[in-house]
Amino acid sequence: MIYVFALFLLTLLVITAVAIVRTENLFVAVMLTSIFSLLMAANFFILDAADVALTEAAVGAGVTTVIFLSALALTGDWEKPRPGGRTVALGTVGVLAMLLIYASFDKPRLGDPEAPVHQHVAPWYLEKTPEYMDIPNVVTAILSSFRGYDTLGEVFVVFAACIGVLFILGVKPARQTAAAPQPVSGLRHHLIPQVVGRLLVPFIVLFGLYVQFHGEYGPGGGFQAGAIIATGVILYALLEGEAEALRAVPRSVLLALVVGGALLYGAVGVVCMLKGGAFLDYSVLAADPVFGQQLGILVIEAGVGMAVCGALLSIFHAFAARESMT
Amino acid sequence: MIPETAILTAICLPLAGALAIAVAGRISPNLREATTLLTAAALIWVVWGLLPTLMAGGRPAVEVSEVMPGLTIAFRVEPLGMLFAALASGLWLINSVYSIGYMRGNKEKNQTRFYVCFALALAATMGVAFAGNLFTLFLFYEVLTLSTYPLVSHKGDEATVRSARVYLGVLLCTSIGLFLPAIIWTYMAAGTGDFVHGGILAGKLEGPAIGLLLGLFVFGIGKAAVMPVHRWLPAAMVAPTPVSALLHAVAVVKAGVFAITKIIVYVFGIDFLFATPSSGWLLYMAAFTIITASLVALRQTNIKRLLAYSTIAQLSYVVMAAATLKPLAEVGAAIHMVAHAFGKITLFFAAGAIYVASKKTEIHQLRGIGRRMPWTMTAFTIGALSMIGVPPTAGFVSKWYILAGAFEAENLVAVFTIIASTVLNAAYFLPILYMAWFEREEAGAKAHGEAPFAAVLALCITALLTLAFFLFNGPVIELESQVVRALPL
Amino acid sequence: MKLLELLGYYNYWVFAVVLTVGLYAVIRKRNLIKKLIGLSIFQSAVFLLYITMDKVEGGTAPIIQKGVPDQVFSNPLPQVLILTAIVVGVSTLALGLAMVVRIKESYGTIEEHEILGAD
Amino acid sequence: MTFMEHLPALQVVVPMLSAPLIVLLQPRGLAWAGATAAGLASFAIAIALAMAVLDGQTQVYAMGGWAAPYGIALEVDAFSALVLLLVTGAGAAALLAARVSVDRQIEPERQPLFYAAWLLGLAGLAGIVVSADAFNIFVFMEISSLASYILIAGGPDRRALPAVFKYLIMGTIGATFYLIGVGLIYMMTGTLNLADMQARIGDVVALNPILVAAGFITIGLALKAAVFPLHVWLPNAYTHAPHMVTVFLAACATKVALYVLIRFDSMVFQDRLSDHEFQFTLFALPLAVLGILVASSVAMFEGHLKRLLATSSVAQIGYILLGASFVSEAGITASAMHMFNHALAKGGLFLAVACLAFHFRDLRLSELGGAARRMPLTCAALVVCGLSLIGVPGTAGFISKWLLITAALESGLWGWSLVAVILVSSLMAVVYIWRIVEALYFQQASAEGDTSFAEAPLQLLLVTWAVALLNIFFGLFPHLPLALANGSAALLVGGAP
């Protein structure tokens with residue numbers, strides 16, 4: 001039965017995608033993108049990818065939308081239509097689609113336990129995780145230890161995006177756009193969002209912390225937690241105004257979070273090196289290799305959470321501050 | 001000095017000289033020119049010091065770097081290269097004396113750059129002369145092109161830059177487009193590019209491919225100015241006269257014909273080439289160039305351009321001699337390089353001296369100039385006679401050898417070409433001499449005397465050398481005979 | 001054909017279609033924000049490709065419960081990869097949007113052809 | 001583990017972890033000093049690695065102590081060592097010279113972010129090169145791409161923004177294509193490790209996904225590498241970037257993508273898929289030839305100095321691809337050598353451009369009159385590097401041209417026509433380099449008429465000349481890069497372990 005639901009979701013996904021491309025109102029497009037992400041997340045959940053679903057929901061539907069909206073506020077809502085001549089674009093993407101569909105006829109069928117992906121490498125992870133690090137969530141085990149180096153790279157991608165946005169938006173705005181100064185008081189004068197929102201913020205942050213520290217046992221981990229906490233703070237900023245949010249969590253703290261998180265992760269790796277292991281080999285962190293692994297995972301997940309949360313908030317504030325400047 | 005050290009010194013000395021000149025140029029012009037003269041003198045000492053070794057049959061060689069497996073920067077002195085190096089280094093000193101007179105007399109700009117590039121060009125010339133394989137030859141050949149470019153474009157105005165563009169364009173296009181593939185082909189076919197007595201290609205290539213490869217070499221070496229790749233040489237005449245004199249009568253053009261001769265002798269091997277019918281075209285091409293260039297020279301009105309076309313014709317003498325593929329002719333080719341060098345540098349010196357003294361550049365302006373500039377015009381006369389090949393000048397000796405080679409090869413085309421071109425040479429030089437000595441100056445002409453002393457001194461020396469070579473050519477012929485001694489004479 | 005098998009193909013085709021839709025927007029649209037929206041759809045499609053291949057019939061999310069024998073788990077590795085890819089996607093997007101904001105400020109427009117016309 | 005064994009990891013970790021620290025270095029000059037120190041350190045590591053692999057050994061490093069294919073492995077062999085040398089070399093040299101130029105182009109308060117991004121770019125590129133894991137390559141590709149977007153967006157002109165936006169879009173499409181390709185291969189083989197893929201791909205029966213994957217990976221990487229006709233992002237991006245960024249990126253960024261392309265293709269596909277060599281040649285050869293000819297012709301008529309050089313880069317990428325498309329040992333050797341030599345030449349040229357920019361705000365050729373008089377040393381260095389780009393003997397560029405022509409002749413039937421292409425484009429290079437030379441040396445100075453001697457700052461000039469001299473040095477003594485290039489070729493197509 002769930003598969004029928006999946007078919008339905010996928011159909012909806014395509015419809016949403018087409019609608020996003022067709023609409024000329026960018027605000028609508030962004031909102032639809034958010035829905036698109038939620039549909040995607042639901043679909044991931046059906047396909048047993050709980051961690052990914054959580055991330056897609058938090059990042060795709062939450063953070064992305066917020067960033068899009070803050071950019072839209074600075075650039076305008078409407079796209080200018082482009083008349084005629086869509087053959088070239090259609091031709092290119094048509095060829096691409098054909099190619100992909102051609103490839104699909106030889107691929108292993110969905111859910112086939114005999115498929116190569118389920119035969120090689122992956123079973124090893126499922127088998128060895130209890131032995132080496134004794135945590136239930138294999139996704140977390142792979143993410144933070146077996147492929148911890150990827151995750152370190154990922155943290156640095158976020159870090160790069162953060163310094164990039166700060167760098168690019170760090171120039172004083174050239175006053176070419178004559179937009180009226182935006183009110184900065186957020187939604188303070190709207191009663192219902194005010195009350196409900198205020199009530200929600202602590203719970204969101206609390207949930208974020210739960211996801212952070214529960215990542216070894218259930219779906220979750222640093223990325224999801226960082227994104228969720230960031231969303232909570234952004235909600236606060238929307239309610240109380242950006243200035244208020246900055247008073248609660250100042251820019252310097254955010255930067256320290258980003259830098260600290262990235263360095264914390266890296267430092268764990270370096271400590272492993274100094275203790276005689278390979279980079280990011282947590283087993284050497286404690287006398288008992290299993291405990292060492294657990295310790296390492298805990299610390300780096302904290303680093304990831306800090307970095308992601310700090311980076312997303314910095315990015316948001318960079319856009320929001322721009323808004324009040326112009 | 002050990003010969004091996006001497007080889008490297010001969011190349012590094014002008015380089016070091018260039019650096020010293022650049023530094024000295026910032027201090028004072030006198031110091032700069034003293035440095036130039038000193039470097040030139042030292043170079044003569046080094047290069048000529050190698051002569052006894054060569055005469056005794058020694059072939060000093062040195063390898064600098066194996067750039068890639070089989071591809072080395074290596075030097076090996078043999079008679080042809082020795083002769084070329086001795087000639088270029090010797091004339092550099094005389095030319096430097098002349099340059100001082102000319103450049104000061106003309107109040108040219110950027111004199112330091114001029115002397116620096118000159119020294120660089122000489123270093124490259126030494127490299128070409130001593131190159132032990134095709135790659136090294138190519139390396140210095142290109143350096144020579146590039147280091148002479150600033151000299152050609154010295155004046156810097158638009159017309160000059162355009163001519164310099166032709167100069168560089170033709171030389172680089174031919175060398176990259178034809179010479180380089182020919183070299184790579186040779187390396188791939190023979191597995192080596194070393195200059196070896198008797199050639200390296202025998203048995204490695206056959207049929208029309210040989211003719212094709214020869215064509216790539218001959219037209220790739222644009223400096224030899226075999227038609228139709230001769231266009232750069234008249235274009236290069238925009239350069240100051242000392243440049244035309246030493247580089248475009250001696251170093252650069254001789255580097256071209258020298259390279260062709262060397263390739264024919266040491267890469268193909270004359271016996272191998274003689275047995276290959278597909279290589280015969282080279283001789284006819286050279287003959288065609290000689291006649292055509294002489295005919296074009298007849299129609300020139302500018303002195304330097306006339307000399308340039310005369311040079312093109314004379315260069316093809318060397319190529320034709322080399323392509324005759326007979327021992328006597330090869331010796332003739334080598335000697336003609338020397339003979340032509342002495343004669344042509346004298347002519348250019350004279351043309352430059354006339355320009356410095358009177359700013360005259362056209363032939364018709366030369367009426368009666370013999371009386372105003374007797375020294376210069378005497379030298380000019382000697383040079384012109386040598387070009388025609390009248391005894392007792394150097395030109396006679398070399399023509400004799402080439403003609404002998406042509407008879408040996410029983411090649412009537414070559415014989416006829418030599419005779420015809422001698423007539424043509426006379427046809428364009430004698431009227432000038434007549435005009436200079438026997439006609440009256442136009443009324444109202446500006447009075448002028450001789451050029452600065454340094455310039456006159458230099459051209460008198462080279463004129464004397466032209467005469468002297470007629471009498472004292474024994475050692476040179478003996479040295480060059482070594483090139484072909486292994487063959488039946 | 002079993003429903004799961006159909007779903008397999010369907011997932012895959014949806015991936016292909018969504019990918020093309022996204023790419024179409026990137027190529028065809030001149031509004032820079034719309035291009036970025038297209039880009040993010042384009043990237044999301046790839047997530048679907050990876051996650052589709054992690055499913056094992058009758059499997060559950062790869063969280064090992066102690067004391068429950070013979071569990072069948074879906075493949076955890078593609079999930080890890082996509083976690084990373086999602087974050088990469090949002091990072092690129094943020095950077096792109098920052099540029100769009102600056103472009104709007106210095107050119108006064110975010111339509112590609114108007115920007116090209118301005119210089 | 002000994003320190004030497006850690007080198008492959010340190011190559012990435014040192015610049016990467018320095019980046020967050022740099023952000024914190026607010027006082028002026030300190031950020032630069034820190035970044036330069038990190039850059040030099042990673043250059044030193046690259047040299048040590050190159051020395052270690054010269055005898056043909058491969059340095060393997062298991063990240064986190066998990067052996068491949070379960071963990072992520074780093075591998076440094078001759079090919080990676082060569083590319084590492086040029087990446088870190090370009091990064092360090094450009095940093096060393098950067099200070100004065102960057103001070104003029106980037107506000108002091110943004111500089112720490114700028115240098116941090118620089119180090120991230122360096123770490124990302126190095127990370128791609130050392131990685132032996134297909135997905136890990138993607139992650140580091142993104143780090144380096146994001147960093148280069150940031151660096152280019154620092155350009156002083158507003159035109160930098162649309163240029164970098166285009167780069168971002170095309171770069172992301174390229175990376176995503178790569179990701180799709182890797183996903184398809186993973187689907188069919190169940191592994192992400194390159195060597196493991198190579199071993200298992202032969203067992204795959206159903207080839208459709210693999211072929212499509214090969215297509216996606218090749219096109220994705222070709223986009224990143226600016227292979228003609230996917231190069232449209234490159235000229236503008238390089239033209240409007242800050243000068244020092246152009247030096248860094250032009251020397252190595254596209255080459256790293258080519259490195260992955262060559263390595264991925266010859267390791268994973270060519271070895272086991274019948275006909276793939278032919279398909280690769282069929283794909284790469286025409287693009288390479290077209291790229292060489294078209295880009296060279298465009299460069300001949302380009303009026304802006306930086307854009308001219310950037311366009312010429314597209315042609316040079318064509319050379320590298322051409323060598324690779326022969327799928328022979330000689331071809332790969334030529335490719336690898338040309339990567340190295342072109343980095344030297346183009347890096348030197350852009351360094352000289354950065355020098356020129358000190359006194360010539362407008363870098364159009366028509367505005368550069370009198371440059372040789374004002375900045376004789378800079379112009380001389382520019383000429384030397386230009387000659388190397390042309391491939392004049394005695395310079396580094398000649399070595400790779402020679403190898404390339406030899407490889408073309410060995411490649412059989414079409415050899416001579418390819419030689420003709422290489423030679424014709426070399427002559428085109430003569431034309432466009434000489435247009436620069438004439439502009440610098442013979443053009444009348446513009447109306448302002450300031451012709452006093454005014455060289456670029458010493459620090460910048462010294463680095464420029466060092467690179468120019470290296471162009472000559474490696475033209476006469478190319479043994480080190482040549483040994484590495486030969487090693488790479490033996491590794492990739494020669495069947496050596």
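- Of the residues considered (A:Val117, A:Leu72, A:Val308), A:Val117 shows the highest number of contacts with chain C, using heavy-atom pairs under 4.5 Å.
- With sequence neighbours left out, C:Glu112 forms a salt bridge (charged side-chain N to carboxylate O under 4.0 Å, His left out) with C:Lys35.
- Only the backbone of A:Ile46 comes within less than 4.5 Å of a heavy atom in chain C; its side chain stays farther off.
- For chain A, no part of C:Leu49 is nearby; none of its heavy atoms comes within less than 4.5 Å.
- Taking the six-membered ring where tryptophan is involved, the planes of A:Phe146 and A:Tyr125 are tilted, since the angle between them lies from 30° to 60°.
- Both the backbone and the side chain of C:Val88 come within contact range of chain A, with heavy atoms under 4.5 Å apart.
- Considering only heavy-atom pairs separated by less than 4.5 Å from chain A, the leading option among C:Val90, C:Leu19, C:Leu48, C:Val72 is C:Leu48.
- Counting heavy-atom neighbours within 6.0 Å of A:Phe27 CZ, excluding the residue itself, gives a total of 12 or less.
- Contact of C:Phe15 with chain A is made through the side chain alone, with heavy-atom distances under 4.5 Å.
- Within the model, atoms OG1 of A:Thr151 and CG of C:Leu83 stand 8.5 Å from one another, a figure rounded to the nearest 0.5 Å.
- For the set A:Leu54, A:Leu13, A:Leu143, A:Asn43, the count of heavy-atom pairs under 4.5 angstrom toward chain C peaks at A:Leu143.
- For A:Val121, the part sitting under 4.5 Å from any heavy atom of chain C is the side chain, from C-beta outward, and nothing else.
- Of the atoms belonging to C:Val100, heavy atoms from both backbone and side chain fall under 4.5 Å from chain A.
- In this view, A:Asp48 and C:Lys55 satisfy the salt bridge (charged side-chain N to carboxylate O under 4.0 Å, His left out) rule, not counting sequence neighbours.
- Contact annotation for A:Thr75: both backbone and side-chain heavy atoms come within less than 4.5 Å of a heavy atom of chain C.
- Salt-bridge annotation for A:Glu79 and C:Arg30: absent, with no side-chain N of the basic residue lying under 4.0 Å from a carboxylate O of the acidic one.
- Within the 4.5 angstrom heavy-atom criterion, no atom of A:Phe45 approaches chain C.
- At a cut-off of 3.5 Å, with distance as the only test, a side-chain donor of C:Tyr10 or A:Thr11 sits close to an acceptor on the other residue.
- Of the inter-residue distances, the one linking A:Phe316 atom CZ with A:Leu69 atom CG reads 10.0 Å to the nearest 0.5 angstrom.
- Interface summary for chain A: among C:Val14, C:Leu97, C:Val26, the most heavy-atom pairs under 4.5 angstrom belong to C:Leu97.
- With a 4.5 angstrom heavy-atom cutoff, C:Gln79 touches chain A via backbone and side-chain atoms both.
- Between the SG atom in A:Cys162 and the CG atom in C:Leu95 there is a gap of 10.5 Å [rounded to 0.5 Å].
- Side chain of C:Lys34 to backbone of A:Ile20: a donor-acceptor contact under 3.5 angstrom is found.
- Only the side chain of C:Ile110 comes within less than 4.5 Å of a heavy atom in chain A; its backbone stays farther off.
- With a threshold of 4.5 angstrom between heavy atoms, C:Thr92 does not approach chain A through any atom at all.
- Looking at heavy atoms from C-beta onward, A:Ile135 lies in side-chain contact with A:Thr129 at the 4.5 angstrom threshold.
- Most heavy-atom pairs under 4.5 Å with chain C: of the set A:Gly153, A:Ala71, A:Ser37, this distinction falls to A:Ala71.
- When heavy atoms are compared at a cutoff of 4.5 Å, C:Ala85 does not approach chain A at all.
- A salt bridge links C:Glu114 and A:Lys80; the closest N-O separation between the charged side-chain nitrogens and carboxylate oxygens is under 4.0 Å.
- Going from atom CD1 of C:Ile115 over to atom NZ of C:Lys104 covers 10.0 Å, rounded to the nearest 0.5 Å.
- Taking C:Val17, C:Ile82, C:Thr52, C:Val18 one by one and counting their heavy-atom pairs under 4.5 Å with chain A, the maximum is reached by C:Thr52.
- Interface remark: A:Ala115 contributes no atoms to any contact with chain C (heavy atom separation under 4.5 Å).
- Interface residue A:Ile315: only side-chain heavy atoms are found under 4.5 Å from chain C.
- Of the listed residues (A:Thr92, A:Leu10, A:Val18, A:Ile142), the greatest number of heavy-atom pairs within a distance under 4.5 Å of chain C belongs to A:Leu10.
- Contact annotation for A:Ser70: neither backbone nor side-chain heavy atoms come within less than 4.5 Å of a heavy atom of chain C.
- For C:Leu23, the parts lying near chain A are the backbone and the side chain together; criterion is any non-hydrogen pair under 4.5 Å.
- Taking 4.5 Å as the limit, some side-chain heavy atom of A:Phe68 sits within range of a side-chain heavy atom of C:Ile37.
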